[in-house]
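Down below is the structure, laid out as structure tokens.
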Amino acid sequence: MASRPTVQAQDVLRAIHELHRRGTAYVIDMLDEHEPALTDHLTEALSLVHREVLNLGGPARASQRVYWRVEELTLVCVLALRGRDGDAERRDDEEPADDGP
């Protein structure tokens, strides 16, 4: 059984760069195409976080900033993990076929 590759710092930095370059809406749409169940769970969980932050009674703008940071952190984690899995899949696809001598 092959072990899963670990996530390196460069994977996280690549995910941060991709999220900032493409934006959260694009990343969520892309994730929804490939992992609809995960996207539904993340959307639901982030909605609960947003509601709970607003219920704390702080200023709405500050609550929104906290929500955006939690959303960004969550998406970076997912992108970093998916990027690492995608790297392993790409390496498997790139292995040369054994056509024989």
When hydrophobic residues are tied together by side-chain contacts of less than 4.5 Å, even through go-betweens, does [X] share a cluster with [Y]?
X: Trp68; Y: Leu75; result: no
X: Leu46; Y: Val66; result: yes
X: Val49; Y: Ile28; result: no
X: Ile16; Y: Leu81; result: yes

| query | Do you know which two heavy atoms are closest between Ala15 and Ala80, and how far apart they sit? | reply | CB-N, 3.7 Å
| Taking all atoms of both residues into account, what is the closest heavy-atom pair of Leu54 and Ser63, and its distance? | CD2-CB, 3.6 Å
Nearest 0.5 Å, what's the [atom1]-[atom2] distance between [X] and [Y]?
X: Leu48; Y: Thr43; atom1: CG; atom2: OG1; answer: 11.0 Å
X: His17; Y: Gln10; atom1: NE2; atom2: CD; answer: 13.5 Å
X: Asn55; Y: His50; atom1: CG; atom2: NE2; answer: 10.5 Å
X: Glu18; Y: Tyr26; atom1: CD; atom2: OH; answer: 7.5 Å

Report yes if some heavy atom in the side chain of [X] is under 4.5 Å from a heavy atom in the side chain of [Y]; otherwise report no.
X: Asp11; Y: Gln8; value: yes
X: Leu79; Y: Met30; value: yes
X: Glu35; Y: Val78; value: no
X: Leu42; Y: Leu31; value: yes

| Crowding at CZ, Arg69 (>12 non-hydrogen neighbours, <6.0 Å) | no
| His20, NE2 atom: more than 12 neighbouring heavy atoms under 6.0 Å | yes
